[in-house]
Asker: 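Encoded as structure tokens, here's the structure I'll be asking about.
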Protein chains: 2
Amino acid sequence: MVTIKDIAKAAGVSPSTVSRVISNHSRISKATTEKVKRIMEEMGYHPNVMAKSLVSKTTKTLAIVLPRPAEELFQDFFFGELLRGILAHSTKAGYDMLLAAATSPADEQDTISRLVLGRRVDGVVLLSSRQNDPLIKLLAKHEFPTVLIGRTEGHDTIISVDTDNVQASFDATTHMLNQGHTKIGFVIGPPNLTVSVDRLAGYRKAMEEAGLTINPEWIVDGEFLQHSGYRAMSFVMNIPDPPTALIVIDDVTAFGVLRGLNELGFQVPHDISLVSFNNIALAELASPAISSVDISTYQLGYTASHLLVRRIQENLASQARNIIPHRLVVRESSIKEIHKRG
Amino acid sequence: MVTIKDIAKAAGVSPSTVSRVISNHSRISKATTEKVKRIMEEMGYHPNVMAKSLVSKTTKTLAIVLPRPAEELFQDFFFGELLRGILAHSTKAGYDMLLAAATSPADEQDTISRLVLGRRVDGVVLLSSRQNDPLIKLLAKHEFPTVLIGRTEGHDTIISVDTDNVQASFDATTHMLNQGHTKIGFVIGPPNLTVSVDRLAGYRKAMEEAGLTINPEWIVDGEFLQHSGYRAMSFVMNIPDPPTALIVIDDVTAFGVLRGLNELGFQVPHDISLVSFNNIALAELASPAISSVDISTYQLGYTASHLLVRRIQENLASQARNIIPHRLVVRESSIKEIHKRG
DNA sequence: CTGAAAGCGCTTACAG
DNA sequence: CTGAAAGCGCTTACAG
């Protein structure tokens with residue numbers, strides 16, 4: 001391992017000077033700079049990140065805290081895209097990303113304590129947005145640079161990046177209303193996630209504003225869909241007054257819905273229309289292609305990293321809640337007239 | 001920030017003693033141990049990871065190097081699962097994971113150099129398995145602990161974890177042969193990926209051993225499928241002697257195939273059977289559910305981390321190539337008799 | 001069982 | 001423009 005001292009010796013200067021050359025310090029002669037740089041190149045010098053970190057008290061590293069397994073399974077399908085957005089910015093800004101997972105809640109606390117209080121990272125991106133997250137409490141207590149992707153309650157000061165899920169769901173429902181539907185159902189997700197709460201609220205709001213009453217039986221629990229879309233759909237489609245359209249909590253669940261309906265012999269969108277959320281890559285490859293609210297996943301990630309780095313570097317208290325615009329992508333699953341190509 | 005010195009002062013001992021208590025050194029009296037631990041607790045001490053790292057010359061961190069964007073898009077859909085496997089083990093073994101991405105090849109080299117030669121990580125998990133990967137060359141040259149998920153050529157000594165893709169594809173093809181198919185086609189992936197090469201080879205091998213000739217027109221390019229499954233399928237289904245079964249490079253592409261066939265009015269599996277690879281979570285939610293070779297994605301990740309940590313800690317040269325067993329999961333897309341439930 | 005000292009590889013006032 | 005010295009927070013022979 002070649003160190004700054006080795007370079008100093010070889011170049012006939014002091015370690016301080018080498019250090020200054022590395023950090024492009026202003027008052028170093030051009031001659032020395034060139035000489036030192038050449039020797040660093042020759043000897044294959046690479047600065048020791050840990051040593052630098054120790055004295056600078058900054059790690060140039062951010063942590064991403066993953067939600068616990070199975071908790072937000074659907075996230076898997078846009079996680080890659082989210083990560084790509086986060087990394088695109090953090091790499092540009094010169095930060096590395098540390099991935100932190102936790103199996104149990106206690107574990108999670110320990111991991112975070114170690115990373116945050118052990119000064120292993122400069123900031124944290126939280127992906128989980130459970131209600132009353134103890135992690136958020138911990139990070140807020142230590143005033144540690146944090147940005148949340150999602151929304152939480154009771155912590156108004158934490159910087160967050162999110163979709164306006166109430167509005168997104170309102171828009172999706174309005175789309176169905178515009179298609180002439182009045183009997184619109186909703187396939188819900190895990191009730192402890194704010195995204196579930198918000199999307200359900202947007203749906204209710206749109207129905208209410210349209211003067212329509214929601215039949216409680218139109219609300220289907222999507223958590224049981226993965227393995228029994230058939231049964232869940234069978235129930236809702238066999239009530240006396242079945243919905244003619246469904247708003248589905250996310251694309252993955254929509255696949256389950258589609259499959260359940262298929263098995264039951266219902267045609268989408270002929271017998272029933274569908275619209276869902278997130279617009280994962282596979283949504284357009286479904287048969288029929290699924291209408292979905294695109295939440296700009298990449299942008300969510302990119303912005304999260306951007307806000308976090310700004311918070312770290314400038315200690316700038318940017319506004320707490322940052323909304324990334326969404327956009328409904330209408331495909332076959334929600335329009336009656338299908339024009340087949342060919 | 002409370003340091004080891006602060007604790008030492010408060011406990012009336014030397015920093016050395018505090019350090020020994022932290023690392024559970026043997027010859028420390030029970031009394032001192034308890035006292036120091038109590039004070040650490042009271043003062044909220046957390047060891048500075050960077051300082052420890054600097055002296056121990058070990059970072060307790062691994063890096064995952066992501067393939068370049070768009071290069072292995074399909075990976076997105078099992079990336080979460082892979083990551084979960086890697087993290088499950090690395091967390092247990094006490095290692096953090098650093099995520100490294102790169103936009104350009106040059107960038108990639110720089111990032112790796114910085115991480116590896118700057119001693120920021122103790123080992124590297126490579127996800128990309130391109131032919132002739134320059135990264136592999138670099139890591140091999142420095143004899144840096146590395147494990148590759150996938151297969152490469154020309155580096156026989158690098159530790160790798162992989163599916164036997166030739167065999168997996170052989171099995172998938174055999175399954176089709178057993179179903180009575182003789183005109184079996186293949187939808188290929190990016191030709192620079194070894195996984196593409198291997199799966200195509202397994203298919204050819206099975207066909208050859210069955211004494212069947214492959215019509216070159218049965219080989220469809222899956223790279224154009226995402227947005228024009230229709231056109232690709234239209235071509236292959238309109239040749240004079242169309243296939244009655246298709247082996248598809250991965251599940252995501254299979255969705256595109258399914259959609260293309262759907263638009264053309266072909267029924268799966270009635271008109272044509274399908275089988276693909278990876279068994280992503282959505283495969284069973286397709287309509288019809290897609291038969292797919294399960295490659296134990298989680299296990300691939302878990303094993304990769306396991307082998308890497310062993311290599312780091314014991315400097316054990318485990319065998320180069322480690323195969324994780326696969327298993328064909330037969331679903332509706334490849335069996336003629338469909339028994340609908342209900 | 002415990003402490004003083006040296007050192008990991010770097011940075012940064014301070015002095016010239 | 002450059003160097004000597006102190007220090008970041010920890011560990012670890014060495015000595016007792």
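Quantities reported herein were computed from a predicted structural model and do not represent experimental measurements. Reminder, nothing fancy here: chain letters follow the sequence lines and each chain counts from 1.
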Asker: Using atom C1' of each nucleotide, how far apart are C/dG16 and C/dT12 to the nearest Å?
Answerer: 16 Å
Asker: I need the CG-P distance between A/Asp6 and C/dG9, as an integer number of Å.
Answerer: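 In whole Å, C/dG9 P lies 9 Å from A/Asp6 CG.
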Asker: If the test is side-chain contact (heavy atoms from CB on, under 4.5 Å), which one of B/Ile112, B/Leu98, B/Thr111, B/Leu127 qualifies with B/Val65?
Answerer: B/Ile112
Asker: How long is the line joining CD1 of A/Ile7 and P of D/dG3, in whole Å?
Answerer: 15 Å
Asker: Quick one: closest heavy-atom pair of A/Leu54 and B/Ala51, and the distance?
Answerer: CD1-CB, 3.6 Å
Asker: Determine the minimum heavy-atom distance between A/Asn48 and A/Tyr45, stating which atoms define it.
Answerer: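 Shortest heavy-atom contact: N-OH, 4.4 Å.
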Asker: Is A/Ser53 touching bases, backbone alone, or none of the nucleic acid, heavy atoms closer than 4.0 Å?
Answerer: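 Nothing, no heavy atom under 4.0 Å.
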Asker: Rounded off to whole Å, could you give me the CE-to-P distance for the A/Met43 and C/dG9 pair?
Answerer: 13 Å
Asker: Is any side-chain N of the basic residue among B/Glu81 and B/Arg84 closer than 4.0 Å to the acidic one's carboxylate O?
Answerer: yes
Asker: Calculate the interatomic distance between B/Lys9 atom NZ and C/dG3 atom P; express it in whole Å.
Answerer: 14 Å
Asker: Determine whether the side chains of A/Asp96 and A/Thr61 contain a donor N or O and an acceptor N or O closer than 3.5 Å.
Answerer: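 Looking only at side-chain atoms, A/Thr61 and A/Asp96 do not form any donor-acceptor pair under 3.5 Å.
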Asker: C/dG9 phosphate, OP1 or OP2: any side-chain N/O from B/Lys57 under 4.0 angstrom?
Answerer: yes
Asker: Suppose we define a pair by two distances each less than 3.5 Å, Watson-Crick or G-U wobble; what does D/dA13 pair with here?
Answerer: none
Asker: Pick out the pairs of N or O atoms, protein on one side and nucleotides 10-13 of chain D on the other, that lie under 3.5 Å.
Answerer:
from	atom 1	to	atom 2	distance (Å)
D/dC10	OP1	B/Tyr45	OH	2.5
D/dC10	OP1	B/Asn48	N	3.0
D/dC10	OP2	B/Ile4	N	2.5
D/dT11	OP2	B/Ser19	OG	2.5
D/dA13	N6	B/Arg20	NH2	2.5

Asker: Using the P atom as the point on both nucleotides, what is the distance between D/dA15 and D/dT11, in whole Å?
Answerer: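 After rounding to an integer number of Å, I get 22 Å for this pair.
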Asker: Say we look at C/dT2 and C/dA6: how far apart would their P atoms be, to the nearest angstrom?
Answerer: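 One P to the other, the span is 23 Å.
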Asker: Considering residues at least two apart in sequence or located in another chain, which fulfil the side-chain hydrogen bond (donor to acceptor under 3.5 Å, both in side chains) criterion with B/Ser19?
Answerer: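 Residues passing side-chain hydrogen bond (donor to acceptor under 3.5 Å, both in side chains) with B/Ser19: none at all.
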Asker: Show the nearest heavy-atom pair for residues B/Ala304 and B/Val147, with the distance to one decimal.
Answerer: O-CG1, 3.4 Å
Asker: Using Watson-Crick or G-U wobble geometry with both distances under 3.5 Å, which nucleotide pairs with C/dA4?
Answerer: none
